[in-house]
Asker: 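Got a structure here, written out as structure tokens. Questions coming.
Chain letters run A, B, ... following the sequence lines, proteins first, then strands; residues in each count from 1.
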Amino acid sequence: MMFALMNRKSAAILILIVLLIAGLNYQLIPYNKDEVLVIETPAEPRGLDPATNYETAGGNIIHNIYETLISYNGSSTTDLKPVLCTIIPTPENGLISPDGINYTFIIRQDVKFHNGDTLTAEDVRYSFERVVRMRQSPSWMIMDRYNPERKKWEWTYWHNHSYDDLDDNFTVMTDSEVDDYNERVDAHNSRPEVINNTMRKWTYAVKDWTVRFKLDAPYSPFLFVLTHTVGSIVNKRTVEAHGGIKEGQKNDWMNEHTVGTGPWKLKKWEPDRTKLTIERFDDYWGENAKLKEVIFLTVHQQTTRIIDLQMGFTDVAYVPTPSLDEVRGKEGIIVDEGAMRLAGYFIAFNCEDSIFSDVRLRQACTLAFDYDVMLNVIYNGLGQRYVGPWVHGMYGYNESIEVWEQDIAAAKDLVQDYKSDNPGSIEVALMYTSSEISSLLAQLFRSNCDEIGIDVTLQLLSWPTLLELTDKGDFDCTLLGWLADFPHPDGNAPTVMSEQKGHSNNAWYENQKVDAWLLEAVQTNNETRRLELYHLVQNQVKRDCPYLWTLQPNVPAVYRDWVKNYVEANNPFLGRYYADVYKEK
Amino acid sequence: MKLFEFIVRRLLLLIPVLIGLSLVTFAISHLIPANPGKAWAGEKATPEVIEQVEDEYHLNDPLHMQYFYYMSDLLQGDLGDSPTTNRPVREDIESYFPATFELTLVAMTIVVLVGIPLGIFSAVKRNKLPDHLIRLFSLMGSSMPIFWLGLLLQMAFSFYPGIVFGIPLFPPKGRIGAFVDAPDRITGLYIVDSVLTLNGEALLSSLAHIILPAVTLSFAILGIIMRITRSSMLDVMNKEYIKTARAKGLSYNEVIQKHAVKNAMIPTVTILGMSFGGLLGGAVLTETIFAWPGMGTYSLQAIQHLDFPAIMGFTLLIGFVYVIANLVVDIMYAYLDPRIRLGG
């Protein structure tokens, strides 16, 4: 008979088998190991190629597998240390030329890649060449630079022009190699105006254990840019053996495999992307990692992550700020609330083509917002107020600048003043995407604006739709966030630059003084003047209110008490460095 | 031969179905007012990089040309690349679909082994206590939100045993233990591959991990199947031929097993087939709660990111699965009731 009738005996046998499976599973298979750290996160990495990756989950893993020329000391975001070079270039030690154009890096010797190859200066040069020629999402950090003649952000394509003015002591590429590069550029380039413009170009001279970068014009954030994972050094031989560099295209092999020099190497990444394992690299040039492996598990459901943490199935779990009360005080669980992140959240007002083109309304909304409720209720006190476009911990942030405070009376006065010139009701729409915090912030904004006579409609949109409308300028105001790609103001500057309207300048803000200050700051070698300029920008932007700066949130760390050094191993910009983490039960 | 012709005819019908499905899905997904190029490239990507992404995915081409490019690639077996996973959609489906298939298979096995017998039993014991209890149970299954049930099972069989006894009964999530390597891939079904590769550890771990999500997933369909089976059985048991069989001296159990059940199965088989096809499209809630890496998870992610190639890929897959499921159901009709001739 096709459908068997289950009698009581069959049912009992089946139940026994199920219980046996359950029982044996935990008796025979471990669910926690001392030398292995298990971390549960809600998002899986999208790829592991440093030249392509531009998201947090993958970036954190790349940071542990690959290494850059320079990085930050411990939890500092301003104090640099050499990693794959031996000394930080400075004007004082002569490795930055007095005109701020030549940066020379002396490459560390006896560094092994994970496949046993030795790091060479050519690997360094090649790593940057592939970023430029592949032209993927994070490449803008390497190539998107000012054109001093045109005073605009321009796309710059790496072009090997000439080495005539390079130091004779440097051995450069042969003429045929130079011709080859030029041919490739000319064959691919569909924008002849790019070649003809005098935009910034880099040229590389490679000699033994030295790599020199020659910029077209001084660029003060250059060293900070190199700390991002986009500046990771890859093994040229391995990459060339697996697809090499294709103009404007990704490398599929590099997206799923790694070839770094860091204390960890990739052990396995499951095809379904739920589990990624890195293992200790025992031939690491520096101090070996304390743990044997780190396993990253993708678990979208927050409740499941919390259950796993409480039962010890995972050592670390991501718990968003509004849900921290579910784990606070639980036995064996530590909730660290203090890790600052170089990110800022804000509401962007459309300063060009909406009712918010009038600064009075922008200031009114900024004064009406209840910052105390935002900080203490929505964010559970985990974060700090800030005045953009820079954030705390970033070079150039003026710590003495005062934040806006709620002042309903002043806000109402501004609205009345506006209405005296523009009678009628004030109705605006706030765009936001779905997340618990975004929803709460949107509702708070609506409530506060209602109090001063501004009627706010909330629009919940998908991320691509929100981006599209923001770029087109087809909105009133929108809730957004910004994560620093490198801890220098120049990374955040596009948010307030006129030429970035419809792109990174989400508020369509325009102020020529601000543009001029930013241009001067990036080119000057005078550090005092540079800081002064960044402070001027901050003050001006605060007055103009193109953005309502909400919060620079902390990133809580939630982990089992047997995990040691977890908080200390964090850098607010780079993320967690797992080599320093260990377990002690 | 008639069966063979029937199958061939139905398979040929698959082509216009899939074309229609692709057309409708393509149109609807592109009606959303958004150009996902910037979202895929990264918010801070330069205009040139965004343009590069748009060129790669033909986002700025006229809609009909975009559809043409897509169908041209599809005819060569290329479902495109997902900008979200940075992999070919075909590879993504090869990764995620076996997980859903395996979970669905186990869930449906539970439904068949538990739901049908209980439905039959309920009909046989009509208006007695077992009938009332079973009907109550089926009502619970149909009305209980699946995400709530999943969390409940996690708490009851994983969390609380872990707190009380120091060890859970069943794992709360995942397809396999964190410290167990997935078995070497042959079919993509962990349980099957574990057996084929004689990997005892992977077999034990994957069996333990599938129980809670499969029970969760089976619950909603369980209720429906029990009620359909009961209703169908009651209808059959009132037929004249049943009374005749009893009058001829056959025992009650023989009458039920040999005559009533088979005839009562047609509606049940229909629901089973449709449910199987539906579940293969991915059970988002169950997969999310139990961190099961299946098509539900994949499709949700694709929709959230407006990942057109992935959306098209899984929609076509679902369409294909539904047609095949319907075909299997129709073939089973002929087995259950010889009076039904395939194709008329």
Asker: Pick one of side chain, backbone, both or neither for B:Gln304, based on which atoms fall under 4.5 Å of a heavy atom in chain A.
Answerer: backbone
Asker: Quick check on the interface: out of A:Lys275, A:His300, A:Gln301, A:His503, who has the most heavy-atom pairs with chain B under 4.5 Å?
Answerer: A:His503
Asker: Given heavy-atom pairs under 4.5 angstrom as the criterion, report whether the side chain, backbone, both or neither of A:Val38 touches chain B.
Answerer: side chain
Asker: One pair to check against side-chain hydrogen bond (donor to acceptor under 3.5 Å, both in side chains): A:Asn32 and A:Asp315. What are the steps and the verdict?
Answerer: CA-CA 8 Å; A:Asn32 199 300; A:Asp315 302 303; 3.3 Å; yes
Asker: Under a 4.5 Å heavy-atom cut-off, does chain A meet the side chain of B:Ile303, its backbone, both or neither?
Answerer: neither
Asker: Looking at A:Glu247 and A:Arg133, does any basic side-chain N land under 4.0 Å from a carboxylate oxygen?
Answerer: yes
Asker: If I measure from the heavy atoms of chain B, does A:Thr298 come under 4.5 Å with its side chain, its backbone, both, or neither?
Answerer: backbone
Asker: Between B:Asp92, B:Val53, B:Thr84, who has the most heavy-atom pairs with chain A when the cutoff is under 4.5 Å?
Answerer: B:Thr84
Asker: Between B:Leu151 and chain A, with a heavy-atom cut-off of 4.5 Å, which part of the residue counts as in contact: side chain, backbone, both or neither?
Answerer: side chain
Asker: Taking every heavy-atom pair that is under 4.5 Å apart, which of B:Gly150, B:Ala178, B:Pro88, B:Pro36 has the most such pairs with chain A?
Answerer: B:Ala178
Asker: Does any backbone or side-chain atom of A:Ile21 lie under 4.5 Å from a heavy atom of chain B? Answer side chain, backbone, both or neither.
Answerer: both
Asker: Let me confirm one number: the CZ-CD1 distance from B:Phe121 to B:Ile134, rounded to the nearest 0.5 Å.
Answerer: 6.0 Å
Asker: Decide if atom NZ of A:Lys330 counts as having more than 12 heavy atoms of other residues, nucleotides or ligands within a radius under 6.0 Å.
Answerer: yes
Asker: Is chain B contacted by the side chain of A:Glu44, its backbone, both, or neither, given a heavy-atom distance below 4.5 Å?
Answerer: side chain
Asker: Go through the atoms of B:Gln301 and report whether side chain, backbone, both or neither lie under 4.5 Å from a heavy atom of chain A.
Answerer: side chain
Asker: Is B:Arg87 close to chain A through its backbone or its side chain, or both, or neither, when contacts mean heavy atoms under 4.5 Å?
Answerer: side chain
Asker: Heavy-atom distances under 4.5 Å only: say whether B:Pro171 touches chain A with side chain, backbone, both or neither.
Answerer: both
Asker: How are the rings of A:Trp253 and A:His257 set to each other: parallel, tilted or perpendicular (split at 30° and 60°)?
Answerer: parallel
Asker: Sort B:Phe159 into side chain, backbone, both or neither according to what part of it lies under 4.5 angstrom from a heavy atom of chain A.
Answerer: both
Asker: Flag the pair B:Lys38 and A:Glu468 as a salt bridge only when some basic side-chain nitrogen lies within less than 4.0 angstrom of an acidic carboxylate oxygen.
Answerer: no
Asker: Using heavy-atom distances under 4.5 Å, tell me whether A:Asp308 contacts chain B through its side chain, its backbone, both, or neither.
Answerer: side chain
Asker: For chain A, find which of B:Tyr298, B:Phe290, B:Phe170 contributes the most heavy-atom pairs closer than 4.5 angstrom.
Answerer: B:Phe170
Asker: Say you draw a straight line from OG1 of B:Thr229 to CG of B:Leu272; how long is it, rounded to the nearest 0.5 Å?
Answerer: 7.5 Å
Asker: Measure A:Tyr54 against the heavy atoms of chain B and call it side chain, backbone, both or neither at under 4.5 Å.
Answerer: side chain
Asker: Could you point out which residue of A:Arg273, A:Arg46, A:Lys250, A:Lys268 forms a salt bridge (charged side-chain N to carboxylate O under 4.0 Å, His left out) with A:Glu256?
Answerer: A:Arg273
Asker: With only heavy atoms counted, which part of A:Asp471 is less than 4.5 Å from chain B, the side chain, the backbone, both or neither?
Answerer: side chain
Asker: Please classify the contact of A:Asn25 with chain B as side chain, backbone, both or neither, using a heavy-atom distance under 4.5 Å.
Answerer: both
Asker: To the nearest 0.5 angstrom, please state how far the CH2 atom of A:Trp140 sits from the CD1 atom of B:Ile50.
Answerer: 12.0 Å
Asker: Do any N or O atoms from the side chain of A:Arg135 and from the backbone of A:Gln249 form a donor-acceptor pair under 3.5 angstrom?
Answerer: no
Asker: Report the C-alpha separation of B:Glu201 and B:Ser194 in whole Å, then their side-chain angles, then the decisive distance to 0.1 Å, and conclude whether the side-chain hydrogen bond (donor to acceptor under 3.5 Å, both in side chains) test is met.
Answerer: CA-CA 8 Å; B:Glu201 191 180 59; B:Ser194 301; over 6 Å; no
Asker: Pick from A:Val299, A:Leu19, A:Thr433: which one has the most heavy-atom pairs with chain B under 4.5 Å?
Answerer: A:Val299
Asker: What part of B:Pro168 is in contact with chain A, defined as an atom under 4.5 angstrom from a non-hydrogen atom: side chain, backbone, both or neither?
Answerer: both
Asker: For B:Ser82, which atoms come within 4.5 Å of any heavy atom of chain A: side chain, backbone, both, or neither?
Answerer: neither
Asker: Where does A:Ile295 contact chain B at under 4.5 Å (heavy atoms): side chain, backbone, both or neither?
Answerer: side chain
Asker: Indicate yes or no: does A:Glu293 engage A:Lys33 in a salt bridge with an N to O separation below 4.0 Å.
Answerer: no
Asker: Using heavy-atom distances under 4.5 Å, tell me whether B:Leu207 contacts chain A through its side chain, its backbone, both, or neither.
Answerer: both
Asker: Just do the salt bridge (Lys or Arg N to Asp or Glu O under 4.0 Å) check on A:Glu279 and A:Lys292 with the steps written out, would you?
Answerer: CA-CA 6 Å; A:Glu279 60 181 353; A:Lys292 188 178 165 201; over 6 Å; no
Asker: Take A:Thr495 and A:Ser504 through the test side-chain hydrogen bond (donor to acceptor under 3.5 Å, both in side chains) and record every step on the way to the result.
Answerer: CA-CA 5 Å; A:Thr495 57; A:Ser504 296; over 6 Å; no
